[in-house]
Visitor: 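Can you keep this structure in mind? I'll have questions shortly.
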Amino acid sequence: MKKYSLLILFTLILIIGPPVKAQQEPPNNRQKNPQQNQQQKKPSKPKLQHAISYRKVADISQYFVSEKLDGVRGYWDGKQLITRQGNLINSPTWFTQYWPTQPMDGELWIARSQFQSLLSCVSKQQAEENQTISCWRNIRFMMFDLPNHPGDFSKRVKKMRALLTQIQSPYLAMISQVRFYSLSALEDKLNDVVTTQGEGLMLHLASGHYKIGRNSALMKLKKNQDAEATVIAHTKGKGKYQGQLGAIEVKLANGVVFKIGSGFSDYQRANPPEIGTTITFKYNGLTQAGIPRFARFWRIKTIERQTRKASP
């Protein structure tokens, strides 16, 4: 009888089978948290407006004038800060706290002649959350436009000013927008800005609407010409620069290749911009071959190369 009972029990086990593990196991690891997927997703490249070079105007009073800041352009999409190429800017959580959900176009900025310090901070792949020691505590997002606002620029200026009264954030500010009534007053303002190490001025037509791409309603006014180029090679130095950088060979977007051998600090001679880096240089006109005259290095312009490694 005992053997018979054991036989029945064994038969039942074979029929029922072992417990189904799939019902006891957690969901498949491939089903990640939707919030984690959102954080890992690369932001879209923002559709931005860009200025043209200054063209003399008949009535300067029709324009708002602001300083062209020496900073890093940023786009707030309502949730996060991204570069003009669509790469995430890793800012601390407290930096953008209380910011509006409305998209904002602006410039991350510390102060005049502080571009390299700014670049060093915003290029970090992980921001320091400790507010007392974070380099971000010195940075402000200087708002200068509202891309999604349907009104002309004069209405967008009013809206930006209103936003600042509603948002209690010490890290959100607005570039001062003023109006002049003579070209001589505009020239005086440009001289003041350049004399105090400023970059130049921006002129924004009051009746102009935000337009993706180059917009003739937005102009930049500078004393010197400048442009961007990609570093493609290094040339060794001679004499006092023996063992250091002599010049960098760069390539313009139109394919023109030339060398830049001036404008570097001693530190930059010892630590030259890496090949593939985008730099900005100043120059005075072009030769008949399209090569910039008196080209001199100004700065490493973009953070795109540094942030690209962090993109998924």
Visitor: Check whether the ring centres of F264 and Y241 lie less than 6.0 Å apart, and answer yes or no.
Guide: no
Visitor: When clusters are formed from ILVMFWY side-chain contacts under 4.5 Å, directly or step by step, what else is grouped with L221?
Guide: I52, Y54, V57, I60, Y63, V65, V178, F180, L183, L186, L190, V193, V194, L201, L203, L205, M219
Visitor: Any salt bridge (Lys or Arg N to Asp or Glu O under 4.0 Å) involving residues 173-187? Give me the pairs, sequence neighbours left out, ordered by first then second residue.
Guide: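 Sorted result for residues 173-187: E187-K223.
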Visitor: For G74 and D105, work out which heavy atoms get closest and say how close.
Guide: O-OD1, 3.7 Å
Visitor: Do side-chain atoms of R214 reach the backbone of A51 as a donor and acceptor pair under 3.5 angstrom?
Guide: yes
Visitor: Determine whether I291 and Y283 make a side-chain contact, defined as any pair of heavy atoms from C-beta on separated by less than 4.5 Å.
Guide: no
Visitor: Output yes when a side-chain donor or acceptor of Y210 lies under 3.5 Å from a complementary backbone atom of Q49, and no otherwise.
Guide: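 Yes, the answer is positive, given that a donor and an acceptor are paired below the 3.5 Å cut-off.
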Visitor: Return yes if some donor-acceptor pair links the side-chain N/O of H234 with the main-chain N/O of P273 below 3.5 Å, else return no.
Guide: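 Yes, the answer is positive, given that a donor and an acceptor are paired below the 3.5 Å cut-off.
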Visitor: Please check if the side chain of T235 supplies one atom and the backbone of G246 the other of a donor-acceptor pair under 3.5 Å.
Guide: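 Between the backbone of G246 and the side chain of T235 there is no qualifying donor-acceptor contact (under 3.5 Å).
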Visitor: Using distance alone, with no hydrogens and no angle criterion, decide if T93 and E129 have a side-chain donor and acceptor under 3.5 Å apart.
Guide: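 Their side chains do contain a donor-acceptor pair, which is all the 3.5 Å distance test asks for.
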Visitor: How long is the span from the CG atom in L252 to the OG1 atom in T230, to the nearest 0.5 Å?
Guide: 8.5 Å
Visitor: Excluding sequence neighbours, so at least two apart, what forms salt bridge (charged side-chain N to carboxylate O under 4.0 Å, His left out) with R112?
Guide: E67
Visitor: Please list, chain by chain and in numerical order, all residues satisfying side-chain hydrogen bond (donor to acceptor under 3.5 Å, both in side chains) with N130, sequence neighbours excluded.
Guide: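 Partners of N130 by the side-chain hydrogen bond (donor to acceptor under 3.5 Å, both in side chains) criterion, ordered by chain and then number, come out as T132.
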Visitor: Could you pull out all residues at least two apart from Y171 that satisfy side-chain hydrogen bond (donor to acceptor under 3.5 Å, both in side chains)?
Guide: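 Result, side-chain hydrogen bond (donor to acceptor under 3.5 Å, both in side chains) vs Y171: Q131.
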Visitor: Donor-acceptor pair, distance only, cut-off 3.5 Å: does the side chain of T196 make one with the backbone of G198?
Guide: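 Not a single qualifying donor-acceptor pair exists.
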Visitor: Examine distances only and state if a side-chain atom of E107 and a backbone atom of G71 form a donor-acceptor pair shorter than 3.5 Å.
Guide: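 Flag set: sc E107 to bb G71 pair under 3.5 Å.
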Visitor: Taking all non-hydrogen atoms of both residues into account, name the closest pair between I82 and P46 and its distance.
Guide: CD1-CD, 3.9 Å
Visitor: Taking atom types as modelled, find out whether S169 and W99 have a side-chain donor-acceptor pair closer than 3.5 angstrom.
Guide: yes
Visitor: Which heavy atom of L69 sits nearest to which heavy atom of E199, and what is that distance?
Guide: O-OE1, 3.5 Å
Visitor: How is the hydrophobic cluster of F294 composed, in terms of its other members, when Ile, Leu, Val, Met, Phe, Trp and Tyr link through side-chain heavy atoms under 4.5 Å apart, directly or indirectly?
Guide: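 None; F294 is a cluster of one.
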Visitor: Any donor and acceptor pair, going by atom type alone, linking the side chain of R140 with main-chain N or O of W109 inside 3.5 Å?
Guide: no
